[in-house]
Structures are given as structure tokens and as C-alpha cells.
Protein chains: 2
Amino acid sequence: MTDTKSRLIQATLSTLREEGLAAASARTIAARAGTNQALVFYHFGTVNELLEASSNHAVDESVGRYREAFAGAESLAELLDIGRELHDSERRNGNVALMAQLMSGAHQDPVLARASQYAMSAWTREITLVLDRVLTASPIADLIDTEGLAHIISAAFIGLELYDGVDPTGAARALDTLEGLTQLLDVVNRLGPVARRALRSELGTTTQRGPRHH
Amino acid sequence: MTDTKSRLIQATLSTLREEGLAAASARTIAARAGTNQALVFYHFGTVNELLEASSNHAVDESVGRYREAFAGAESLAELLDIGRELHDSERRNGNVALMAQLMSGAHQDPVLARASQYAMSAWTREITLVLDRVLTASPIADLIDTEGLAHIISAAFIGLELYDGVDPTGAARALDTLEGLTQLLDVVNRLGPVARRALRSELGTTTQRGPRHH
DNA sequence: GTCTATAAGATGATAGAC
DNA sequence: GTCTATCATCTTATAGAC
């Protein structure tokens with residue numbers, strides 16, 4: 001990748017992270033990259049295709065950086081520790097805010113939609129893999145769809161990040177409470193076989209509703 | 001409220017819901033309202049103040065419409081049913097997408113930030129009230145901060161709505177899984193006093209980490 | 001209150017010199 | 001590959017006629 005292309009990508013990432021989607025024009029990005037506005041179109045075709053290339057680059061880098069840590073997790077408690085660290089670092093570097101900005105623009109633009117989908121699939125794929133491994137032979141694995149849970153986790157992080165931009169105190173409180181909830185899940189996860197059977201039969205009585213259709 | 005003002009507000013809401021924040025300019029909104037672009041500034045000062053007034057209006061209407069239903073909930077199971085109905089109807093009328101759009105723009109604009117904060121507070125206030133009532137004398141009330149839980153619920157709905165715009169299948173799967181999780185919570189909520197004590201002491205051993213600082 | 005006209009500026013994208 | 005110059009179009013916002 002040429003120097004100019006990668007400078008444009010880095011400039012795009014910092015623009016999205018610091019100023020948001022609305023400020024990410026060819027001119028503002030080129031200024032940050034110390035280059036000319038016309039090069040955005042020469043190298044990437046359109047502005048949104050530059051945003052897509054930048055997002056894909058950032059996602060690949062982030063997912064790769066955490067794949068190793070995920071692979072080392074052997075229990076739900078360990079995974080929670082890694083998840084907390086991951087969330088903290090991704091928020092600090094602005095990647096969660098970046099995804100939230102992209103997703104909000106995806107509603108009307110197919111290129112941004114494709115970029116958002118790439119990012120969400122990359123994360124949920126990794127999260128599903130580690131959840132499947134960690135929750136093997138756990139009562140939770142019987143009761144809950146791990147891929148569905150991975151989707152919930154990704155979506156909740158996006159929502160909390162947006163919320164944090166609006167009410168940091170409330171968002172921090174939500175994160176603390178979320179930690180309590182995952183500990184509750186961890187307790188269920190470590191139940192003995194007797195309690196496990198009781199829980200399953202108890203859930204059976206509350207799961208008499210049919211599947212939902214959206 | 002004059003006819004023109006309310007027509008502008010309605011036009012703003014449908015624009016935000018159908019075309020997103022990026023398309024919500026004074027001209028597109030005025031065209032939808034069948035009036036002149038200059039009236040946006042005459043009646044509301046700036047475009048973003050029109051967005052704020054419109055959002056506040058929609059939030060007041062929605063929260064009022066559900067206050068009565070919330071007040072009737074006497075158990076967590078009942079509340080879950082109302083919550084499911086609320087979420088379905090709010091998604092159909094586009095109010096969740098509207099809030100997501102506003103929050104994504106709030107990052108750089110103080111007026112949109114104020115509007116987002118108003119919306120989130122209005123919803124979390126109602127949700128906290130009903131959670132406090134429904135979870136009274138439940139083991140969950142001892143273990144979990146209801147206001148924090150209300151924040152999580154609101155933020156997760158926003159995140160899932162954004163996710164739905166990108167991957168409807170994945171979002172639907174997440175919602176089904178979420179239902180399973182709340183049923184798990186309901187089972188814990190209905191535990192007898194013995195299991196309750198066991199759970200509390202079990203959680204005590206996993207809560208040895210200090211409070212988090214953000 | 002509502003309109004037209006207009007100012008002053010930003011935007012995506014292209015043509016063409018070098 | 002990189003630049004300048006430019007087009008056509010959009011934007012917020014205001015002044016002033018009616």
C-alpha cells in the first residue's frame with residue numbers, strides 16, 4: 001500500500017473517531033493527511049469507499065490483536081476479564097465510537113452498510129467461537145444460543161458507546177451493573193448437576209411461548 | 001402551537017425516521033411540510049433546534065402512552081410482556097431509529113446531545129420506576145442496581161436497532177436470545193429463600209474486585 | 001407569518017497541467 | 001501520482017417585500 005493511501009486511511013480513522021461521520025468529508029480528511037482532496041477520489045473512487053477501506057483496516061487490526069487473548073480464555077470468568085479489557089481499550093482508541101458512527105450512516109448508504117456488516121461479523125465470529133468453547137458442558141450452552149449472545153454483546157457495546165457520548169455517568173453506571181449481571185451468569189454457569197436440572201425444568205415452564213417472528 | 005410549527009415537527013420526525021439525520025436539512029423538511037425553508041429559522045432558530053423540539057415531542061408522546069401500561073405491571077414476567085410489545089411498536093413507528101440517529105449526531109453537537117439526553121432520561125426514569133416496583137423483595141433487587149439495569153436496557157435497544165439496519169437476521173436472533181436471558185432472570189427472581197441465600201453468598205465470592213473507575 | 005432573493009460557504013466529483 | 005482549477009449542487013442563515 002502506497003504511503004498516500006495509508007496516510008489517507010489513518011486520517012479517515014482519526015477524523016471519524018474525533019469528529020464523527022458528519023465531519024468526514026474529502027477535504028477535511030485530505031487536510032489531516034497533508035495531501036490533496038482529489039487524491040481521495042483517485043485512490044478510493046468515492047468518499048464512502050474510503051470510509052469502508054479505513055473501517056475494514058481498523059477492524060482487521062483490532063480483531064487480530066485480540067484473537068490470541070480470546071484463544072487463551074478457558075473459563076467464563078477469564079473471558080469476562082478479557083472482555084472488560086477489550087472493551088476499555090477499544091473505547092479508549094475510539095473504535096467503538098467509529099463503528100457506531102458508521103452504523104448510524106449505514107441506514108441510507110449501501111457502502112457504509114457493507115462496512116458495518118463486515119465489522120459486526122468479524123467481531124461476532126470471534127466472540128461466538130470463544131463463547132462456544134468456554135460454555136461447553138455448561139447449563140447456559142443448553143439454554144442459550146451462543147451466536148445470539150455474541151450479537152447481543154456486540155450491539156450492547158455499540159449502544160453503550162453512543163449512550164456514553166450523551167450521559168457518561170449513566171453509561172458508567174450501566175457498565176458496573178452489567179458486570180454484576182455477568183457475575184450472576186457466571187454463578188449459573190458453575191451450578192452443580194442437581195441445580196442444573198432444576199433450572200432447566202424451571203425454564204421449561206417459562207418457555208411455553210412460541211418463537212418470535214420479526 | 002400553530003399549524004405550521006406542528007407540520008414542521010411532523011415533517012422532521014418522518015424525515016429522521018425514513019431518511020436519517022444526514023438528510024434532515026431545512027430544505028428537505030420544509031418540502032415535506034409543504035412550506036418554506038425560511039420558516040424553519042423563523043420558528044425554531046436553527047435546524048438542530050427543530051430536531052430537538054421534534055424529538056422531545058415524540059418522546060413525551062411515547063412515554064405518556066406507555067406509562068399506564070407500565071403502572072399495571074405487577075411481576076417481572078408481566079413487565080417482560082409489556083417490554084416486548086413496547087419495543088415492537090416503537091421499532092415499527094421508527095422512534096428507536098430516530099433516537100439512534102440523534103445520539104450518533106450528539107457526539108459533536110450540543111443541541112443534539114441535549115435532545116438525546118432528554119430522551120434517554122425520560123425512558124430510563126419510567127423503566128427504573130417500574131423495575132423498582134416489580135423487583136421489590138426479589139433477590140435481584142439486592143444484587144443489582146435497578147437504575148443501572150434501566151440504562152442497560154435503553155442502551156441495548158438503541159444498539160440493537162442500529163444493528164438491525166445492518167443485519168436484520170442477526171438482530172432478530174439477538175432479540176430471541178435476549179428473551180431467553182430475561183427468562184433466566186425471571187427464574188432467579190422467583191427463587192425460594194434458601195436458594196436466594198446460597199446465590200447471594202456465591203455472588204459474594206465472585207465480587208471481590210474493587211469498583212471500576214471510568 | 002409567510003414569502004422571495006440572496007449571501008457566504010461547504011460538498012462530491014472531474015478535467016487537465018505537470 | 002499529485003496537483004490546481006473548476007462545476008454544479010447543496011447547505012445554513014438573513015434581509016426585506018408583502
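Numbers restart at 1 for each chain; the letters A, B, ... are given by sequence-line order, proteins then strands.
Residue A:Thr4 places its side chain closer to D:dT2 than to any other of D:dT11, D:dT2, C:dG1. Comparing C:dT11, C:dT4, D:dC3 by their nearest atom to the side chain of B:Asn36 picks out C:dT4. Nearest to the side-chain atoms of B:Leu39 among the listed nucleotides C:dC3, C:dG12, D:dA13 stands C:dC3.
Rounded to whole Å, atom P of D:dG1 lies 14 Å from atom CZ of A:Arg7. Put simply, CD on B:Gln37 is 18 Å from P on C:dG1, counting in whole angstrom units. Distance CZ (A:Phe41) to P (C:dG16): 18 Å, rounded to an integer number of Å. In this structure, CG of B:Leu8 is placed 12 Å from P of C:dG1, rounded to the nearest angstrom. Taking atom CD1 on B:Ile29 and atom P on D:dT11, their separation rounds to 10 Å, with Å as the unit. Remark: C1' of C:dT2 and NZ of B:Lys5 are 15 Å apart, rounded to the nearest angstrom.
Side-chain N or O atoms of B:Arg133 include one that pairs as donor or acceptor with a backbone N or O of B:Phe70 at under 3.5 Å. Distance alone, capped at 3.5 Å, is enough to place a donor-acceptor pair between the B:Gln101 side chain and the A:Ser104 backbone. B:Thr15 places no side-chain N or O within 3.5 Å of a backbone atom of B:Ile29 that could act as its donor or acceptor partner.
Of all the residues in residues 101-116 of chain A, not one reaches under 4.0 Å from DNA chain C with any non-hydrogen atom. Within a heavy-atom distance below 4.0 Å of DNA chain C, no residue of residues 11-24 of chain A is found. For DNA chain C, the neighbouring residues in residues 42-54 of chain A, judged by any heavy atom under 4.0 Å, are A:Thr46, A:Val47.
If you find the closest nucleotide of DNA chain D to A:Thr35 and to B:Ala26, the one lying nearer the 5' end belongs to A:Thr35.
Within the 4.0 angstrom heavy-atom criterion, base atoms lie near A:Ala38.
For A:Leu162 against B:Ala100, the heavy-atom pair with the smallest separation is CD1-O, 4.5 Å.
Here B:Asp81 pairs with B:Arg84 in a salt bridge; the nearest charged N to carboxylate O distance falls below 4.0 Å.
Using a 4.5 Å heavy-atom cutoff, the side chains of A:Asp167 and B:Met120 are not in contact.
Between B:His87 and B:Phe157, the angle of the ring planes stays under 30°, which puts this pair in the parallel group of the 30/60° scheme.
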